[in-house]
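For reference, the structure is listed below as structure tokens.
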2 protein chains.
Amino acid sequence: MTEVSGDETRAAIRRATFQALRRHGYANLSIAHIATELGKSKSLLYSYYESKDDVLVALLDHTIEGYGSDPSLSADTSIEDTLKQFLETLLVPPDVDEESELIAVLLELRVQAVSDIAYRERFTILDQRLRITITDMIERGIEAGEFASVDATRIAAHVVLIINGMMLQQATTAADASMPTGPRQMLYSYLDETLGTNYVVDRR
Amino acid sequence: MTEVSGDETRAAIRRATFQALRRHGYANLSIAHIATELGKSKSLLYSYYESKDDVLVALLDHTIEGYGSDPSLSADTSIEDTLKQFLETLLVPPDVDEESELIAVLLELRVQAVSDIAYRERFTILDQRLRITITDMIERGIEAGEFASVDATRIAAHVVLIINGMMLQQATTAADASMPTGPRQMLYSYLDETLGTNYVVDRR
DNA sequence: GTCTATACCCCGATAGAC
DNA sequence: GTCTATCGGGGTATAGAC
């Protein structure tokens, strides 16, 4: 089918755009760079997308589509583990390709929201979705008696705030010996203290 | 003196660059835009700076120079108030010009650190400085018996994490009714609970 | 110190062949 | 579906007059 082939090409273009973004950064990203990464000519891109902006938005939409969706584990897994695993996928997302530099790319795209309304809408919804998912998990944990009886909405908003801070710091600062502990430990300690659980984290 | 005049021109160029950044965003910022904002010709900029990048870095250095320095209030002010006022200046910085959109500009510059080592170094140091300043304040508060006896270094790192998250959210998402409370309240509640103080915030 | 003019390059996008 | 060739425009940076 032509459609399938078209979809595959679109997927290939997205991957190429992702790689080009990693290599050159948003500021220096050009159609030529994407085409080189794709191994095809520039003009081919215009058979699938109307403009450069169109390509970028398609990448963004595809990237945040699955990002931050509830992993919904089997029923015998504790809510604590489910929450923990969920947060891990946010901070160290499953490999998109070889290297998991998704956070850096996502951040570069996100900052376009400062001037671009289309981007702003998408990240507003993304944060919202994250807060709702985490709120639900905490509430389930409270009902199950696993967590202390806290204001789930408030905690979830705080967690999303921390996650965003972590992404920004992780992508824009060098490793810093002055940090008392890794940012991921800080998030887990916070949850530990707030929810009354005891997160054990695998160090990296 | 020619030097003084030169410094004044440099300052004017920084202000023009700041305004141009606000109006066009980092991605669309050009020498021509800066010159228009300055009310002078493009080539004049090259009498004061070697390149466009040079202009941007100069703006960055000047901006973060004063940013996050201890306000060091008079001795009769409580440490709680000093800390509170300090955090306020970070989140709603003193007017640079008319509109205080410094956070958006600072964020756009910061994200260049994803690909640019010069930027990364500067923001690593900035975060470091912030953590140290806040750690000192908390420790002074503990010594004075104003705060509970907590791990100041850890709390400070957490606060910087939250501040960075707030900046990112504030600049890249629309106002969101699903938020339980403003992000500033969330920061103050966190400090309240952690330090055992009782922050009262002026709502906006 | 500040200008005009211009060199030179790269970019996004299109036309049209195969 | 994919290519080569090319157009028009805007970008950074420089030369040289005033």
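Within every chain, numbering begins at 1; the chains are lettered A, B, ... in the order of the sequence lines, protein sequences first and strands thereafter.
- Going from atom NZ of B/K40 over to atom P of C/dT4 covers 12 Å, rounded to whole Å.
- To the nearest 0.5 Å, the span separating CE on A/M179 from OG1 on B/T124 amounts to 11.0 Å.
- Taking the ring centre of A/Y67 as origin, the terminal cationic atom of A/R129 falls outside the region bounded by 6.0 Å and 45° from the ring axis.
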(request) Let me have a per-nucleotide readout for nucleotides 10-18 of chain D, 5' to 3', with B, S or -, counting only protein heavy atoms under 4.0 Å. (result) -SBBBB---

(message) Does A/R122 form a salt bridge (charged side-chain N to carboxylate O under 4.0 Å, His left out) with A/D116? I'd like the steps, not just the answer.
(response) CA-CA 10 Å; A/R122 284 166 169 85; A/D116 190 319; over 6 Å; no

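- In this entry the distance linking CG of A/L45 with P of D/dG1 reads 14 Å, nearest Å.
- Between B/L44 atom CG and C/dT2 atom P there is a gap of 5 Å when expressed in whole angstrom units.
- In this structure, A/Y49 reaches neither bases nor backbone, as no heavy-atom distance under 4.0 Å exists between it and the strands shown.
- Partner of A/E37 under the side chain to side chain donor-acceptor pair (under 3.5 Å) criterion, chosen from A/R23, A/R22, A/Q19: A/R23.
- Rounded to a whole Å, the CG atom of B/L38 is 9 Å from the P atom of C/dT2.
- Expressed to the nearest 0.5 Å, how far CG of B/D151 lies from CD1 of B/I155 amounts to 6.5 Å.
- Between A/D54 atom CG and C/dT14 atom C1' there is a gap of 16 Å when expressed in whole angstrom units.
- Atom NE2 of B/H62 is surrounded by 12 or fewer heavy atoms from other residues, nucleotides or ligands within 6.0 Å.
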